[in-house]
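Just below is one structure, and these are the notes that go with it.
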Amino acid sequence: MKALSAKAQIASGLGFLVASVILGASFLGFVPDQLGAVRDGRAALAETLAMSGTAMVTNGDPRMFESTLRMVVTRNADMLSAGLRRADGELVVAVGEHNRDWVKSADTYSTDTQMRVPVMSRDARWGQLELRYRAPAGQGWMSVVQSPLSKLVLFVSLACFFLFYFYLGKVLRQLDPSAAIPGRVRAALDTLAEGLLVIDRKQNIVLANEALAAFLGKTPDALLGQNAAKLGWTDEKGNLLDKDQLPWLASLRSGAGSVDSMINLRGTDNQQRNFIVNCSPVYGARGKANGVFISLNDVTQIERNKVELREARDEAESASRAKSDFLANMSHEIRTPMNAILGFTELLKRGYGRDEKEATQFLNTIHSSGRHLLELIDDILDLSKVEAGQMEMECIPCSPHQIVREVVNVLAARAAEKGIAVAFHARGPIPETIQCDPGRLRQIVTNLTGNAIKFTGEGSVTVVLHLEQQGEKPLFAIDVVDTGIGIPHDKLDAIFEAFVQADTSVTRRFGGTGLGLSISRRFARALGGDIVASSVPGNGSTFAVRVACGRLD
């Protein structure tokens, strides 16, 4: 029945209702029974013939009855044969193939095919009149199909269906809610960009404009009669809303309007849209809300802009905090070497370096602090160049193992002061030269190896060189492995951001600006590779550097 229209379903129901009334009338006896009438006619004929036979038998000449029976059999198409049988069983008169057609039985009652009527003579039973008939038309299932009652029911059902169908079409056109709205008003509603709905007390849609219908991939007429609660309304997380959570229910119950409710709905593109819902009750004759006028304003883009603005604000606040931390760290990092430079310079000016050894020690401290200050300035300049897109990379032949050896040799003295061993080796064959920027590669290895020494209290720092094949592209790999304090897993990505270290306690204990790893990763990516960190807190870290090495042939 779901495939039929509402009009066809109503017409079918009314047709079946009329057929049921006719069947009930037949059961109560208000409709004539044709089969009963046939039986009554045959019984009346048999009684009449029996009376004639009785008169002739009483006159002593039963054979005179044969002409009467022959005439009756000839004129009655349903009668097969007839006979007059005496009480002793002798067939006195037979018309037609009565001996063949008559079925003898001990039952003395008549049936639809065999009629028995007693023939009397002077108040005594002389014998019986026997009439053999064809079975009445349509016995069994055929009687149901071919009976006049079935034909009547079928005719009335079909006639009522078509009459009701066309009649309901005219009635429903008069009752069509969309027809109650003038065409110019409906055209004006269809030009609005916002979706409009009018629902009744059962939340069935009685009006929908073109904007909402297009969003749902349907026509306005196709939405009529659908339940508005079943259109798939969701909350911000995409969960389906219960009927009690829909904003227009409050208007139906209280008769008051509601404004600025937020609700979501998925369209034909399966994209969730955000709508602001405003509801106004539609009052009936008694001042009771019989429906609700609903406007749906699509604010998806506005909500997206709000989310993007909120994310941008959070990023700006995070950047501001990071830069504030950076300035605080830089203040400490810059003041330390500057204080050393100014302090020892003042001592020399006052002549406290009395002997050459002490003066040399002062000068070495000043030199070391100056180099440290220069490194800080270089890091800041490098970061600003990278962010401005002005960092240029060379691509010239260079010897990577020689660069790593020089870095290890320079940093070995710092490691020796902490009692840490620094070594490097190659795992497998490596190219003697590659196409790269030797200055940036040296800076990357220096930053990573220096960090490894700084964050390792005991143990060793090992630099491993090897060659990797990424598809058809060879990469030169440098792994800096330490046995230091390690890095928490949730901080492995954050440490490559500018001005960020694992936590503030690291800054307090070890110092640093948080720029080295960020600059090194950007250099590595500019050289066609990357830097990836892995670590086990308390057991050390591994920083894997990969750079493109050009053709190796």
Side-chain angles (χ1 to χ4, degrees), residues 19-158:
S20 300
V21 172
I22 295 175
L23 290 174
S26 174
F27 178 76
L28 295 174
F30 298 126
V31 179
D33 184 5
Q34 185 184 27
L35 184 58
V38 171
R39 290 170 180 165
D40 293 342
R42 290 180 179 182
L45 178 60
E47 291 291 342
T48 302
L49 290 175
M51 291 174 65
S52 298
T54 298
M56 293 181 184
V57 167
T58 302
N59 292 333
D61 189 5
R63 293 188 178 279
M64 292 178 61
F65 192 49
E66 182 177 357
S67 59
T68 301
L69 292 178
R70 191 174 301 280
M71 181 182 63
V72 172
V73 172
T74 302
R75 292 186 176 184
N76 196 328
D78 290 334
M79 188 179 296
L80 298 175
S81 65
L84 185 62
R85 193 182 300 274
R86 283 199 309 221
D88 59 3
E90 180 183 353
L91 188 62
V92 178
V93 177
V95 177
E97 299 293 336
H98 193 69
N99 279 325
R100 184 193 65 183
D101 295 337
W102 186 260
V103 180
K104 295 180 180 181
S105 66
D107 192 359
T108 59
Y109 294 99
S110 297
T111 63
D112 288 341
T113 58
Q114 295 194 152
M115 304 289 295
R116 293 182 177 91
V117 183
V119 177
M120 309 301 291
S121 176
R122 297 183 178 86
D123 299 330
R125 183 185 178 91
W126 182 87
Q128 67 180 11
L129 174 65
E130 298 175 352
L131 301 177
R132 174 69 175 174
Y133 286 95
R134 289 187 177 90
Q139 285 190 335
W141 284 106
M142 293 302 295
S143 65
V144 178
V145 177
Q146 298 179 359
S147 67
L149 179 61
S150 298
K151 295 178 181 178
L152 175 64
V153 170
L154 180 61
F155 171 76
V156 171
S157 299
L158 292 176

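Heavy-atom basis, side chains included; hydrogens, waters and symmetry copies ignored.
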- Item | Heavy-atom check, side chain of Asn76 versus side chain of Leu45, under 4.5 Å | yes

- Message: Using every non-hydrogen atom in the two residues, find where Ala50 and Pro118 come nearest and quote the distance to one decimal.
- Response: CB-O, 4.1 Å

- Query: Which pair of heavy atoms, one from Ser81 and one from Val73, lies closest together, and at what distance?
  - Reply: C-CG2, 4.2 Å

- Message: Do Thr74 and Val95 make a side-chain contact, defined as non-hydrogen atoms from C-beta onward lying under 4.5 Å apart?
- Response: no

- Query: Within a radius of less than 6.0 Å around CE of Met71, do more than 12 heavy atoms belonging to other residues, nucleotides or ligands occur?
  - Reply: yes

- Task: Please report the closest heavy-atom contact between Arg125 and Ala87, naming both atoms and the distance.
- Result: O-CB, 4.4 Å

- Do the non-hydrogen side-chain atoms of His98 and Leu91 ever get within less than 4.5 Å of each other? yes

- Please tell me if the side chains of Val117 and Leu49 come closer than 4.5 Å, counting only heavy atoms from C-beta onward. no

- Supply the atom-to-atom distance Arg132 CZ to Asp78 CG, rounded to the nearest 0.5 angstrom. 12.5 Å

- Message: Minimum heavy-atom separation for Lys104 and Arg85, please, with both atom names.
- Response: CE-NH1, 4.2 Å

- Can you measure from CG (Leu131) to CH2 (Trp102) and round to the nearest 0.5 angstrom? 7.5 Å

- Answer yes or no: is there a side-chain heavy-atom contact under 4.5 Å between Arg86 and Trp126? yes

- Item | Met79 versus Val72, closest heavy-atom pair with distance | CE-CG1, 3.8 Å

- Item | Leu69 vs Leu129, side-chain contact (heavy atoms from CB on, under 4.5 Å): CA-CA, chis, key distance, verdict | CA-CA 10 Å; Leu69 292 178; Leu129 174 65; 3.9 Å; yes

- Message: Can you tell me how far apart CZ (Arg100) and CG (Leu80) are? Round to the nearest 0.5 Å.
- Response: 8.5 Å

- Item | Residue pair Met115 / Ser110, side-chain heavy-atom distance below 4.5 Å | yes

- Item | Contacts of Arg116 that satisfy side-chain hydrogen bond (donor to acceptor under 3.5 Å, both in side chains) - sequence neighbours left out | Ser105

